[in-house]
Amino acid sequence: MSAVDVPVALLGYGTVGSAVDRLLAENAEDIERATGHRLRVVRALVRDEAKERPHAPAEGVLTTDLARIRDDPSIAVVAEVMGGLEPTGNYVRELLGAGKPVVSANKQLVAREGAALFRAASEAGVQLRFEASVCAAIPVIKVLREALVVSNVHRVVGIVNGTTNFILTEMEGGAGYEEALAEAQRLGYAEADPTEDVSGADAAAKMAILATMAFGSRVTLADVGYEGIEGVTGEHVAAARSMDMVVRLVGQATLAGERLDVRVGPALVDRHHPLAAVEGAFNAVMLQGDAIREITLEGPGAGGMETASAVVADMVSVIGTTGTGFLQNDACWRTLERLPPGEARSPFYVSIRVDDVAGVLAQVALRLAGRGVSVARLVQEQSNGAATLHVVTHEAAERDLRSALDEIADLPETRERPTALPVVSDRGVAGLGWA
Ligand code: NAP
Ligand code: HSE
């Protein structure tokens, strides 16, 4: 069979865009052997054509004019790898409106404007794919939309940001927060504005997309409660280690009856839990469903080439299914209620710094008990007349724990606001070890 020459275009020629171009060029024969198609980047939109680039594209490929992509009838598919919301959203809508299939690596755009974009794609009768927007090289969207389409997935738990996982594992090895972040930026893992990574906004957007795909109900970024790793200190990392746990930024999406809860935040993960073994810029997603019980997907979650592999796979899927594709653009078929904030239940790790005086432990225990929060484990650490209480609770409603901690924060013996992180463990908190 002779290869079909397929001209394609990119919006963006940065870390991911240049990697897509290289991957297509360097693996042209493999792609041709597997698909019968030879995808060739003929145009790439950038802000500045004159900028020095580590990997220069072929002569004449770079442009600052969207119309040269939108109005070129030979271009069969466009990969949006420029990031940001505007003008990106408008560009994608223009391309879809002009009948161009689009694949996107932009989790913020898909999580915030997915409904309008999928509508535009459906109206134009073209595909909009977004595998690279979640967990880079891990094909989790394909698995949810195709392999598990009838599996009734009711829980998704994962590590979905490479930059923060890289920082946390570097901190475990003794590195400082700032130096680990700088290294993640140098390696091309971080967003153009790394605040999106460390604040949890990047992971929250990915969890919104995963929850939408898993539960068939639109979840946007505004529905996701999130917290980042800015407040995680070396002391937290050390306390976790002493309890045979590790600190991870964990995303959790849960469907309970007809209500859903999606959140992202730092958590203490039991060393024996699969997520504890996820290190560096790797990601992992655990999918739990009626028929499948549990499936875990793990792999590179950030990086130019890693992400480019998912972008190219989406482009190949578009080319391979155009005209006969069975996937609907929009996976949402119902509207589920959100679980009210504070009702979610979890075991928690709490760190409380108090004066080392008689009776203070009893006061703390009283406040926890008063809100129905039961203590599973407790370790006290002394230094300079102060004591840090490292407490692990049994499962409790977040609202009850926060109320108890508000009261504890008001005790005259409490030196600073207590911190609380959820604990992720398959074997319950009673089985956790203390070093
Ligand atoms: P990047 O290195 O900053 O590249 C962005 C590219 O887009 C640059 O070539 C830039 O042009 C171009 N661009 C930005 N704004 C533009 C505008 N208004 N008009 C025209 N061109 C514009 O970003 P990246 O790391 O490749 O990320 C791109 C997308 O992939 C983002 O949505 C990101 O979330 C997603 N993603 C990244 C990774 C990763 O590991 N890096 C992984 C998964 C998904 P100039 O070159 O002229 O500045
Ligand atoms: N900045 C993102 C991360 C890139 O670190 O996970 C992948 O989406």
Side-chain angles (χ1 to χ4, degrees), residues 9-22 41 43-57 61-66 68-69 78-92 103-112 130-138 140-141 158-168 180-181 183-207 209-210 228-229 249 251 264 278 280-285 299-311 314:
L10 309 173
L11 301 189
Y13 201 87
T15 306
V16 179
S18 60
V20 170
D21 191 20
R22 277 173 58 205
V41 175
R43 212 86 72 218
L45 186 78
V46 290
R47 278 178 293 220
D48 177 7
E49 282 182 51
K51 183 168 157 181
E52 277 221 10
R53 296 171 194 277
H55 307 288
V61 164
L62 293 186
T63 179
T64 53
D65 181 7
L66 180 76
R68 294 197 61 213
I69 296 172
V78 181
E80 184 276 290
V81 284
M82 66 185 250
L85 297 175
E86 287 309 334
T88 322
N90 273 335
Y91 289 176
V92 170
V103 313
S104 176
N106 190 335
K107 69 278 322 198
Q108 294 296 342
L109 188 64
V110 177
R112 293 169 197 245
F130 47 95
E131 185 68 73
S133 68
V134 183
C135 298
I138 307 174
V140 61
I141 300 295
I159 292 172
V160 296
N161 182 269
T163 300
T164 46
N165 206 58
F166 179 85
I167 294 172
L168 290 171
L181 172 58
E183 182 64 357
Q185 287 179 284
R186 192 187 67 75
L187 292 167
Y189 301 150
E191 295 301 301
D193 174 3
T195 317
E196 283 185 19
D197 295 295
V198 297
S199 70
D202 179 271
K206 291 167 179 167
M207 288 307 297
I209 297 170
L210 288 176
I229 62 162
L249 187 70
V264 168
V278 180
F282 268 48
N283 285 181
V285 183
M305 270 300 171
E306 295 82 348
T307 309
S309 77
V311 173
D314 263 358

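Indexing begins at 1, ligand by ligand and atom by atom, following the structure's order. Positions are given from 1, in the same order as the sequence printed here.
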Relative to ligand 1, is [X] under 4.0 angstrom through side chain, backbone, both or neither, heavy atoms considered?
{"X": "Ala105", "answer": "both"}
{"X": "Glu191", "answer": "side chain"}
{"X": "Glu49", "answer": "neither"}

Does the N or O separation between [X] and ligand 2 drop below 3.5 Å for any pair?
{"X": "Asn283", "result": "no"}
{"X": "Lys206", "result": "yes"}
{"X": "Ala190", "result": "no"}

[X] vs [Y] side-chain heavy atoms within contact, under 4.5 Å:
{"X": "Glu80", "Y": "Ser133", "result": "no"}
{"X": "Leu11", "Y": "Leu66", "result": "yes"}
{"X": "Ile209", "Y": "Ile141", "result": "yes"}
{"X": "Arg112", "Y": "Leu85", "result": "yes"}
{"X": "Thr88", "Y": "Gln108", "result": "no"}
{"X": "Thr163", "Y": "Pro194", "result": "no"}
{"X": "Met305", "Y": "Arg22", "result": "yes"}
{"X": "Leu187", "Y": "Phe166", "result": "yes"}

Roughly how far, to the nearest 0.5 Å, is the [atom2] atom of [Y] from the [atom1] atom of [X]?
{"X": "Met82", "Y": "Leu45", "atom1": "CE", "atom2": "CG", "result": "6.0 Å"}
{"X": "Glu49", "Y": "Lys51", "atom1": "CD", "atom2": "NZ", "result": "12.5 Å"}
{"X": "Asn161", "Y": "Met207", "atom1": "CG", "atom2": "CE", "result": "12.5 Å"}

Closest contact, heavy atoms only, [X] versus [Y]:
{"X": "Phe282", "Y": "Ile159", "answer": "O-CG2, 4.2 Å"}
{"X": "Ala44", "Y": "Tyr13", "answer": "CB-CD1, 3.8 Å"}
{"X": "Leu10", "Y": "Gly17", "answer": "CD1-O, 3.4 Å"}
{"X": "Val264", "Y": "Gly251", "answer": "CG2-CA, 4.0 Å"}
{"X": "Val78", "Y": "Ile69", "answer": "CG2-CG2, 3.8 Å"}
{"X": "Gly188", "Y": "Thr15", "answer": "O-CG2, 3.9 Å"}

[X] neighbourhood, listing ligand 2 atoms whose heavy-atom distance to it stays under 4.0 Å:
{"X": "Glu191", "answer": "1 (N), 2 (C), 4 (C)"}
{"X": "Lys107", "answer": "4 (C), 7 (C), 8 (O)"}
{"X": "Asn161", "answer": "2 (C), 3 (C), 5 (O), 6 (O)"}
{"X": "Asp197", "answer": "1 (N), 2 (C), 3 (C), 5 (O)"}
{"X": "Gly301", "answer": "6 (O), 7 (C)"}

> Of Asn165, Asp202, Leu249, which is the lone residue that meets side chain to side chain contact (heavy atoms under 4.5 Å, CB included) with Asp197?
Replying inline: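 Of the listed residues Asn165, Asp202, Leu249, the side chain to side chain contact (heavy atoms under 4.5 Å, CB included) partner of Asp197 is Asp202.
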Give yes or no for whether the N/O distance cutoff of 3.5 Å, strictly under, is met between [X] and ligand 1.
{"X": "Gly303", "answer": "yes"}
{"X": "Gly84", "answer": "no"}
{"X": "Tyr13", "answer": "yes"}
{"X": "Arg47", "answer": "yes"}
{"X": "Asp202", "answer": "no"}

Distance from [atom] to nearest protein heavy atom, with residue and atom:
{"atom": "atom 42 (C) of ligand 1", "answer": "Thr307 OG1, 2.9 Å"}
{"atom": "atom 46 (O) of ligand 1", "answer": "Arg53 NH1, 2.7 Å"}
{"atom": "atom 37 (C) of ligand 1", "answer": "Val16 CG2, 3.6 Å"}
{"atom": "atom 32 (O) of ligand 1", "answer": "Gly83 CA, 3.2 Å"}
{"atom": "atom 36 (N) of ligand 1", "answer": "Lys107 NZ, 3.7 Å"}
{"atom": "atom 6 (O) of ligand 2", "answer": "Gly162 N, 2.7 Å"}
{"atom": "atom 5 (O) of ligand 2", "answer": "Thr163 OG1, 2.6 Å"}
{"atom": "atom 28 (C) of ligand 1", "answer": "Val81 O, 3.3 Å"}
{"atom": "atom 48 (O) of ligand 1", "answer": "Lys51 NZ, 2.8 Å"}
{"atom": "atom 3 (O) of ligand 1", "answer": "Ala192 CB, 4.2 Å"}

Which ligand 1 atoms, with their elements, are less than 4.0 angstrom from a heavy-atom of [X]?
{"X": "Gly188", "answer": "39 (C), 40 (O), 41 (N)"}
{"X": "Asn106", "answer": "32 (O)"}
{"X": "Ala302", "answer": "40 (O)"}
{"X": "Ala132", "answer": "43 (C), 44 (C)"}
{"X": "Pro87", "answer": "18 (N)"}

>> Any heavy atom of Gln108 closer to ligand 1 than 4.0 angstrom?
In response: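 No heavy atom of Gln108 comes that close to ligand 1.
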>> Out of Leu11, Val46, Thr15, Asp197, who is nearest to atom 2 (O) of ligand 1 when you count heavy atoms only?
In response: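 Nearest heavy atom to atom 2 (O) of ligand 1 lies in Thr15.
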> Using a distance-only test with no angle check, is there a side-chain donor-acceptor pair under 3.5 angstrom linking Asp65 and Thr63?
Replying inline: no
>> Any protein heavy atom at under 4.0 Å, with atom 23 (O) of ligand 1 as the reference point?
In response: no
